**Student:** 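Mind looking over this structure? Questions follow.
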Amino acid sequence: MHAYIRLPGGVSVPSPPPSPRHSPRLRYGRTKSGRMQGVGPVLQPRTFMQRFACLLLSVLLRRHGVFLLAPLIYISGMLLYMGTISLDVPGVGKIHPQGSVYRSPELFKHLWPAMQNANSSYVVEAAWHHPKEGEYWKPCITQTRVLKGLQESNGFMIVEANGGLNQQRSSICNAVAVAGLLNATLVIPKFHLNSVWQDPSSFGDIYDEDYFISTLMDDVRVVKQLPDYLMESISNNISNVFNFRVKAWSPASFYLQTVLPKLLETGVIRISPFANRLSFDKIPPRIQQLRCLTNFEALRFAHPISDVGKVLVGRMVEHSASSDGKYLAVHLRFEEDMVAFSCCIYDGGEEEKHEMDAARERGWRGKFNRAGRVINPGAIRMDGKCPLTPLEVGMMLRGMGFQNTTPIFLAAGKIYK
């Protein structure tokens with residue numbers, strides 16, 4: 001039965017039905033009198049985390065767009081959790097490619113017992129064994145030299161050779177070849193003062209200038225200095241001559257397309273520095289012949305140097321009587337500047353690194369620290385471009401069969417360490 005409520009005017013309406021037990025209107029708790037209201041179990045008070053979770057869930061249920069934040073909440077929780085876990089992993093040694101690290105001392109210790117017990121039958125005299133007919137090298141000059149007479153010169157070419165004695169000699173050969181290619185008159189090359197050797201020698205101090213000029217007279221014009229009228233036009237200052245900064249190993253086409261037009265325009269050009277500035281590839285045979293002619297005939301040491309050389313050779317032969325006057329002359333090329341320029345790493349640790357960095361800065365002033373330049377010592381060693389240490393040279397000679405009694409004379413500057 002339903003209870004009725006009487007309204008004014010005599011109208012009766014039924015009262016609303018009682019609320020179900022699960023309705024929010026039916027609350028459990030104590031009344032002011034202390035007695036329980038409603039029927040059901042007594043609920044325990046919620047913790048702070050439970051209330052926070054309920055609040056967060058209610059917000060998400062009411063605003064479905066907030067679900068987009070769920071991945072961020074999840075990731076944040078994971079990061080907080082992972083921050084409490086140690087991720088330390090035992091160190092793993094770096095694996096170097098084979099041949100990229102200097103290990104010759106260890107290799108020597110491993111091979112030395114076998115080297116001591118080896119009974120090689122190789123003797124030093126075999127190195128001077130005369131080849132059979134037709135198997136020896138033949139000079140290229142007498143077979144290919146056919147040029148006679150010169151055309152009118154296109155102008156004068158000045159070069160400044162840099163580097164050590166070997167690089168200077170190579171630069172001279174290349175200068176003669178380029179002069180022949182451009183039909184230019186070559187001025188006797190100038191030498192840069194080497195920052196390592198500090199040698200102020202000029203061309204005439206080392207080589208016979210007159211012999212050089214006369215040997216090349218049928219192939220390339222060579223003069224000792226510019227004529228007076230050209231010196232006046234440049235105010236007697238060679239630095240006023242237009243200078244080409246040529247890249248290393250430039251092809252013949254570069255000189256014909258870029259340098260020759262300027263030579264024809266001004267009558268004189270300068271190339272500085274001039275070490276390794278001519279490629280060996282795609283060079284006309286006539287130009288290669290000029291290189292050969294210069295290196296093996298035109299470049300003859302000046303008399304003072306030649307006389308000292310004869311004395312040294314005589315002494316080496318005299319001190320090699322045990323091998324019938326035969327000996328080995330080895331250029332170690334393990335001076336400090338050579339090691340520094342190679343950028344190779346040996347076994348000197350941090351001390352070696354500091355010394356090599358300082359040597360590179362002294363000799364080349366920032367060349368190795370330029371932006372974008374990448375130096376990979378391991379790759380350099382794998383390419384076989386690292387100077388051999390005295391130990392490695394000794395192992396190589398021993399491997400070739402030379403005994404401890406072989407006379408060896410060293411040609412080198414002060415050996416690094």
Side-chain angles (χ1 to χ4, degrees), residues 96-112 115 124 127 161-171 191-199 201 206 248 275-276 305 308-309 312-313 315-316 319-320 327-365 367-369 373 375-417:
H96 299 278
Q98 186 175 5
S100 64
V101 178
Y102 176 70
R103 293 195 176 99
S104 294
E106 293 86 347
L107 180 62
F108 174 76
K109 291 179 181 179
H110 177 72
L111 295 178
W112 179 237
M115 293 167 65
V124 72
N162 60 309
L165 183 63
N166 187 58
Q167 283 182 300
Q168 290 173 350
R169 188 182 185 94
S170 175
S171 298
F191 292 158
H192 273 166
L193 179 64
N194 190 279
S195 59
V196 176
W197 300 109
Q198 296 293 322
D199 183 4
S201 300
I206 301 175
N276 303 323
I305 294 180
V308 172
L312 289 177
V313 171
R315 290 178 179 176
M316 288 188 288
H319 286 80
S320 305
Y327 58 88
L328 287 177
V330 179
H331 190 181
L332 284 179
R333 297 310 305 272
F334 203 70
E335 301 92 348
E336 183 180 68
D337 67 310
M338 189 66 184
V339 178
F341 188 84
S342 71
C343 296
C344 295
I345 296 177
Y346 293 87
D347 55 356
E350 286 297 318
E351 181 181 0
E352 175 190 312
K353 181 181 183 304
H354 294 319
E355 291 177 349
M356 293 297 100
D357 288 342
R360 281 189 281 268
E361 189 60 29
R362 286 194 307 269
W364 296 276
R365 297 175 185 172
K367 176 179 179 179
F368 296 91
N369 298 325
R373 178 160 187 173
I375 299 176
N376 189 337
I380 296 174
R381 182 168 295 280
M382 292 174 67
D383 289 341
K385 297 180 180 179
C386 290
L388 296 179
T389 64
L391 174 63
E392 291 172 327
V393 172
M395 292 172 63
M396 180 185 68
L397 294 176
R398 183 70 174 182
M400 294 171 65
F402 290 100
Q403 303 297 322
N404 291 337
T405 57
T406 304
I408 299 177
F409 297 92
L410 299 181
K414 182 179 180 181
I415 303 301
Y416 174 68
K417 299 291 178 96

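Worth saying up front: this structure is predicted, and the values here are computed from it rather than measured.
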**Student:** Enumerate, atom names and distances included, each donor-acceptor pair closer than 3.5 Å involving a side-chain atom of residues 378-386, sequence neighbours excluded.
**Tutor:**
| unit_1 | atom_1 | unit_2 | atom_2 | d |
| --- | --- | --- | --- | --- |
| Arg381 | NH2 | Ile345 | O | 3.0 |

**Student:** If you draw a 6.0 Å radius around CD in Gln98, do more than 12 non-hydrogen atoms from other residues or ligands fall strictly inside?
**Tutor:**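 It does not: Gln98 CD has 12 such atoms or fewer within range.
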
**Student:** Tyr416 and Met356: side-chain contact (heavy atoms from CB on, under 4.5 Å), yes or no, with the steps?
**Tutor:** CA-CA 10 Å; Tyr416 174 68; Met356 293 297 100; 3.7 Å; yes

**Student:** In the structure I gave you, are the side-chain heavy atoms of Asn162 and Gln167 within less than 4.5 Å of one another anywhere?
**Tutor:**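 Not touching, per the 4.5 Å side-chain cut-off.
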
**Student:** Between Ile206, Asp199, Leu165, which is the residue that forms a side-chain contact (heavy atoms from CB on, under 4.5 Å) with Phe191?
**Tutor:**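 Of Ile206, Asp199, Leu165, side-chain contact (heavy atoms from CB on, under 4.5 Å) with Phe191 is met by Ile206 alone.
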
**Student:** Measuring only between side-chain heavy atoms, which start at C-beta, is Leu391 closer than 4.5 Å to Met395?
**Tutor:**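 Leu391 vs Met395: side chains touch.
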
**Student:** Any chance you could measure Met316, atom CE, to Phe409, atom CZ, to the nearest 0.5 Å?
**Tutor:**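 Rounded to the nearest 0.5 Å, the CE-CZ separation comes out at 6.5 Å.
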
**Student:** The criterion is side chain to side chain contact (heavy atoms under 4.5 Å, CB included); which residues satisfy it with Ile415, sequence neighbours excluded?
**Tutor:**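 Counting only residues at least two positions away or on another chain, Ile415 forms a side chain to side chain contact (heavy atoms under 4.5 Å, CB included) with Leu332, Phe334, Pro390, Ala412.
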
**Student:** Using modelled atom types only, decide if a donor and an acceptor are shared between the side chain of Arg373 and the backbone of Lys367 within a distance under 3.5 Å.
**Tutor:**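 The answer is yes, because a donor-acceptor pair under 3.5 Å joins these two groups.
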
**Student:** Can you tell me if NZ on Lys417 sees more than 12 non-hydrogen neighbours from other groups inside 6.0 Å?
**Tutor:**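 More than 12 heavy atoms, drawn from other residues, nucleotides or ligands, come within 6.0 Å of this atom.
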
**Student:** Let's go through Asn404 and Arg398 carefully: what are the C-alpha distance in whole Å and the side-chain angles of both, what is the deciding distance for side-chain contact (heavy atoms from CB on, under 4.5 Å) to 0.1 Å, and is it a yes or a no?
**Tutor:** CA-CA 8 Å; Asn404 291 337; Arg398 183 70 174 182; 3.8 Å; yes

**Student:** Look only at the side chain of Glu392 and the backbone of Thr389, and say whether a donor-acceptor pair between them is shorter than 3.5 Å.
**Tutor:**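 Yes, Glu392 side chain to Thr389 backbone: donor-acceptor pair under 3.5 Å.
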
**Student:** Does Glu352 have any salt bridge (charged side-chain N to carboxylate O under 4.0 Å, His left out) partners at least two apart in sequence or in another chain, and if so, which?
**Tutor:**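 Glu352 satisfies salt bridge (charged side-chain N to carboxylate O under 4.0 Å, His left out) with no other residue.
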
**Student:** Are the side chains of Leu397 and Leu328 in touch, meaning some heavy atoms are under 4.5 Å apart?
**Tutor:**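 Heavy-atom side-chain distance check passes, below 4.5 Å.
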
**Student:** Would you compute the distance between atom CZ of Arg360 and atom CD1 of Ile375 and round it to the nearest 0.5 angstrom?
**Tutor:**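 Interatomic distance, Arg360 CZ to Ile375 CD1, rounded to 0.5 Å: 6.5 Å.
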
**Student:** What heavy-atom pair brings His331 and Glu335 nearest, and what distance separates the two atoms?
**Tutor:**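 Heavy atoms of His331 and Glu335 come nearest at NE2-OE2, 3.7 Å.
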
**Student:** With Tyr102, which residues qualify under ring-ring contact (aromatic ring centres under 6.0 Å, His included), at least two apart?
**Tutor:**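 Tyr346.
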
**Student:** Could you work out, with side chain to side chain donor-acceptor pair (under 3.5 Å) as the rule, every residue matching Asn166, not counting sequence neighbours?
**Tutor:**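 By the side chain to side chain donor-acceptor pair (under 3.5 Å) rule, Asn166 matches no residue at all.
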
**Student:** Using the test ring-ring contact (aromatic ring centres under 6.0 Å, His included), find all partners of Phe368 that sit at least two apart in sequence or belong to another chain.
**Tutor:**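 Scan of Phe368 (ring-ring contact (aromatic ring centres under 6.0 Å, His included), adjacent residues dropped) gives Phe341, Trp364.
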
